[in-house]
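What follows is a short report on a single structure.
Every value quoted in this text rests on a predicted model; they were computed, and no experiment measured them. Protein chains get the first letters and strands the later ones, always in sequence-line order, with residue 1 at the start of each. Keep in mind that the numbers below use all heavy atoms, side chains included, and drop hydrogens, waters and symmetry copies.
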2 protein chains.
Amino acid sequence: MTTIDDVAKAAGVSASTVSYVLSGKRTISAPTRARVERAIEKLGYRPHAGARALASARTAVIALMVPLRVGVNVPVIMQFVAGVVTRARDFEHDVLLLTQDDVSGLDRVTSGSMVDALVMMDIEADDPRVPLVAAAKQPTVLIGLPQDPEGLSCVDLDFEAAGRVAVRHLVGTGHTDLALIGSPPEVLRRHTSYAERLMRGLRDQAAGSGAAVTVEACDSTPSGAVQAVDTLLDTAPDTTGVIVHNEAALPHVLARLAERGRVPGTDVSVVAVCPTDVALAQRIPMTSIDLPAEDIGKVAVDMVMARLGGDQPSETRLLAPVLTERASSAPGPAAR
Amino acid sequence: MTTIDDVAKAAGVSASTVSYVLSGKRTISAPTRARVERAIEKLGYRPHAGARALASARTAVIALMVPLRVGVNVPVIMQFVAGVVTRARDFEHDVLLLTQDDVSGLDRVTSGSMVDALVMMDIEADDPRVPLVAAAKQPTVLIGLPQDPEGLSCVDLDFEAAGRVAVRHLVGTGHTDLALIGSPPEVLRRHTSYAERLMRGLRDQAAGSGAAVTVEACDSTPSGAVQAVDTLLDTAPDTTGVIVHNEAALPHVLARLAERGRVPGTDVSVVAVCPTDVALAQRIPMTSIDLPAEDIGKVAVDMVMARLGGDQPSETRLLAPVLTERASSAPGPAAR
DNA sequence: GTGAAAGCGCTAACAG
DNA sequence: CTGTTAGCGCTTTCAC
């Protein structure tokens with residue numbers, strides 16, 4: 001293994017000079033720098049990460065805690081992850097993967113100084129991990145909103161605004177009987193805040209527009225989708241405007257609506273809340289409110305890195321929803 | 001930050017004793033051990049990962065290189081990842097996430113001693129990463145088979161055997177006109193070996209059984225599935241036995257077959273090669289050959305850990321395919 | 001503009 | 001069974 005001393009010797013300088021060439025923390029004369037760089041190149045030198053972490057108290061690694069077991073919106077999760085990893089690389093950081101259920105992992109990586117910062121996904125209203133990371137010495141960013149952020153920073157789509165935008169779109173195109181086909185019951189039970197925020201926006205705007213809105217939870221399975229649609233059409237048969245917030249169930253919801261004589265884009269108007277690529281991968285291109293998962297991941301890293309630098313105050317960033325109209329929209333009764 | 005010396009002081013022993021209590025590398029008297037453990041507990045002591053890595057040349061981290069490009073077997077990839085992460089934790093290791101396109105990451109984590117070992121997914125026949133990791137000081141396990149493993153260990157499903165098993169099942173239930181609806185063209189072009197191995201097994205067994213087999217590549221999109229089915233039925237309209245190896249396209253293949261008057265489980269027999277949960281999440285439960293993604297991930301970690309210990313020789317492990325018959329199977333012409 | 005030297009916190013001989 | 005000590009490879013004062 002080649003060390004910094006080997007490089008120093010080869011370049012005829014001291015180890016500290018090599019260190020400073022690498023870090024750029026002090027000015028080095030052009031010739032010296034050139035000699036050092038040549039030596040580094042020639043010897044294929046790479047600083048030892050552990051030694052560096054020990055001496056500098058920086059690891060160039062951030063921890064990312066991901067829900068790996070849910071099985072549901074896995075592709076969406078991967079988009080968050082992709083955003084986090086690529087942005088972390090922009091900051092010359094690597095990503096240590098922690099799984100959601102490994103709560104002790106937080107203490108391990110945190111107290112053991114394995115990482116410089118943390119990003120946590122899938123935050124519940126009353127998440128037990130929040131107090132843990134709030135007490136850590138590393139800055140943390142949450143993707144999602146807990147009830148009490150305890151001074152931590154958060155990012156997420158503004159689901160409440162998304163609910164309003166969806167209702168506004170449907171009401172604006174002539175629909176007055178609306179429905180939400182949403183998250184699985186377990187998600188609601190856990191009080192994952194995005195589900196509740198979406199519903200709040202939906203209901204607020206519906207109340208203001210004189211529209212009715214029925215809410216159905218929906219298992220992320222084919223049969224769950226069928227059941228949700230069937231229940232919905234039994235309870236509220238006049239529904240013509242449907243909002244779907246469940247990536248996995250979406251294709252089956254569309255299929256079932258058609259089977260029940262409500263063809264999406266013709267008889268009913270459907271708005272999906274999901275990443276754009278999911279919206280486009282359906283049988284017909286869906287009108288959708290984009291869930292910019294990758295962007296959210298990137299913003300999370302930006303925020304955590306900013307906090308690593310100075311002692312910025314924490315903040316919550318809610319990204320504004322963008323609705324794109326596509327083939328699943330149809331004029332409603334009031335517009336015909 | 002509390003250090004090993006703080007603990008030593010609090011317990012009235014030397015730092016090395018604390019270290020040995022932690023590592024178990026030498027026998028400690030019960031009372032001493034108790035005092036040390038109490039001190040650790042009381043002070044909330046956690047060894048500093050960097051210091052440990054520097055002194056012991058062990059990081060307790062393994063690198064996992066994952067294809068994050070938003071291709072569409074994302075859920076399957078996540079299962080591999082879940083297997084790797086959980087098994088790594090069993091060995092008290094964490095996982096550093098590297099993305100496929102970040103080839104320089106290999107050198108970074110390897111030469112920089114950031115990890116003890118590597119696991120790489122999605123290996124192509126002539127993968128440029130293989131020579132890189134073959135030259136690294138850390139042991140590596142590949143998930144998939146390159147043309148030349150260069151002394152590295154590999155794990156994968158035995159896709160060739162899977163091809164044979166699928167054909168045997170279909171022929172055994174009366175089908176003689178078979179087809180494979182497989183990976184997207186790009187995957188084939190990259191010579192990802194599993195696709196080719198599956199085809200080889202398929203053709204071998206078909207030749208031996210006097211069955212015909214048509215092969216269609218298939219984009220992982222709804223329209224790709226439709227197109228593949230349409231082309232297939234135009235080229236080989238007598239097909240009654242279909243093997244599908246494309247998780248994302250599977251639901252749309254089934255739908256299109258039905259639309260074209262070939263109802264899966266009635267008119268045609270369909271065998272999927274995919275994880276069991278995917279097989280069960282279709283409109284009808286699919287006869288399938290399980291792709292035990294999580295197990296493969298676990299085995300990969302087992303292998304790499306074994307190699308970490310001693311200097312075991314490298315090996316290739318191909319997991320035997322298991323076919324489970326479900327509702328998508330139907331008797332063929334020869335059986336009616 | 002560059003060097004010397006003191007650690008960072010831990011492990012693992014070496015000694016007893 | 002336990003303590004002493006010499007590093008592991010790097011960063012960063014302090015000194016010139």
Shortest non-hydrogen contact from A:Met121 toward A:Pro67: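 Reported closest heavy-atom pair: CB-CD, 4.0 Å.
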Least distance between heavy atoms, B:Ala293 atom then B:Gln79 atom: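 Minimum heavy-atom separation between B:Ala293 and B:Gln79: CB-CB, 3.6 Å.
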Would you tabulate the nitrogen or oxygen pairs shorter than 3.5 Å linking the protein to nucleotides 13-16 of chain C?
from   : atom 1 : to      : atom 2 : distance (Å)
C:dA13 : N7     : B:Tyr20 : OH     : 3.4

Kindly list each side-chain donor-acceptor pair under 3.5 angstrom involving residues 30-44 of chain B, sequence neighbours excluded, with atom names and distances?
from    : atom 1 : to      : atom 2 : distance (Å)
B:Thr32 : OG1    : B:Ser29 : OG     : 2.7
B:Arg35 : NE     : B:Ala11 : O      : 3.1
B:Arg35 : NH2    : B:Ala11 : O      : 3.3

Side-chain N or O of B:Lys25 closer than 4.0 Å to phosphate OP1/OP2 of C:dT11: no
Short side-chain N/O contact from B:Thr3 to OP1 or OP2 of C:dG9, under 4.0 Å: no
Gap between atoms CE and P, on A:Met114 and C:dG9 respectively (whole Å): 17 Å
Distance in angstrom units between B:Met1 CE and C:dG7 C1', rounded: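 Answer to the nearest Å: 15 Å.
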Sugar-phosphate, base or nothing in reach of B:Gly112, heavy atoms under 4.0 Å: nothing
Sugar-phosphate only, base, or nothing, as touched by A:Ser29 at under 4.0 Å among non-hydrogen atoms: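 Counting heavy atoms under 4.0 Å across all strands, the contact made by A:Ser29 is with sugar-phosphate only.
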Partner residues of A:Asp295 under the side-chain contact (heavy atoms from CB on, under 4.5 Å) criterion, sequence neighbours left out: A:Pro292
For A:Asp5, side-chain contact (heavy atoms from CB on, under 4.5 Å) partners two or more places apart: A:Thr3, A:Ala15
Derivation of the salt bridge (Lys or Arg N to Asp or Glu O under 4.0 Å) call for A:Asp94 and B:Arg108: CA-CA 10 Å; A:Asp94 277 291; B:Arg108 179 159 28 89; 2.4 Å; yes
Residues touching DNA chain C, which here means a heavy atom under 4.0 Å, drawn from residues 31-58 of chain A: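 Residues of residues 31-58 of chain A that come under 4.0 Å of DNA chain C are, in numerical order, A:Thr32, A:Leu54, A:Ala55.
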Residue met sooner reading DNA chain D from 5', once B:Gly12 and A:Thr17 are mapped to nucleotides: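 Whichever sits nearer the 5' end wins; that is B:Gly12.
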Salt bridge (charged side-chain N to carboxylate O under 4.0 Å, His left out) contacts in which one or both residues fall within residues 125-143 of chain B, not counting sequence neighbours: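 Every salt bridge (charged side-chain N to carboxylate O under 4.0 Å, His left out) pair that includes a residue of residues 125-143 of chain B, provided the two are not neighbours, is B:Asp127-B:Arg129.
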Salt bridge (charged side-chain N to carboxylate O under 4.0 Å, His left out) contacts touching residues 7-22 of chain B (sequence neighbours left out): none
With A:Tyr194 via ring-ring contact (aromatic ring centres under 6.0 Å, His included) - residues at least two apart: A:Phe159, A:His245
End axis versus end axis in the helix from C:dG1-D:dC16 to C:dG16-D:dC1, the angle rounded to 10°, five pairs used at each terminus: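 One end's axis against the other's: 30°.
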A:Gln100 side chain vs A:Leu68 backbone, donor-acceptor pair below 3.5 Å: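 Checking the backbone N and O of A:Leu68 against the side chain of A:Gln100, no donor-acceptor pair under 3.5 Å is found.
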Please tabulate, for the side chains in residues 139-148 of chain A, all donor-acceptor contacts under 3.5 angstrom to protein atoms that are two or more places apart in sequence or on a different chain.
from     : atom 1 : to       : atom 2 : distance (Å)
A:Asp148 : OD1    : A:Glu150 : N      : 2.8

Bounds of contact between DNA chain D and chain B, in 5' to 3' order, using a heavy-atom cut-off under 4.0 Å: D:dC1 to D:dG9
Residue that, paired with A:Ser113, satisfies side chain to side chain contact (heavy atoms under 4.5 Å, CB included) out of B:Arg52, B:His48, B:Arg46: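 Single side chain to side chain contact (heavy atoms under 4.5 Å, CB included) partner of A:Ser113 among B:Arg52, B:His48, B:Arg46: B:His48.
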With sequence neighbours excluded, residues passing side-chain hydrogen bond (donor to acceptor under 3.5 Å, both in side chains) with B:Thr86: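 B:Thr86 satisfies side-chain hydrogen bond (donor to acceptor under 3.5 Å, both in side chains) with no other residue.
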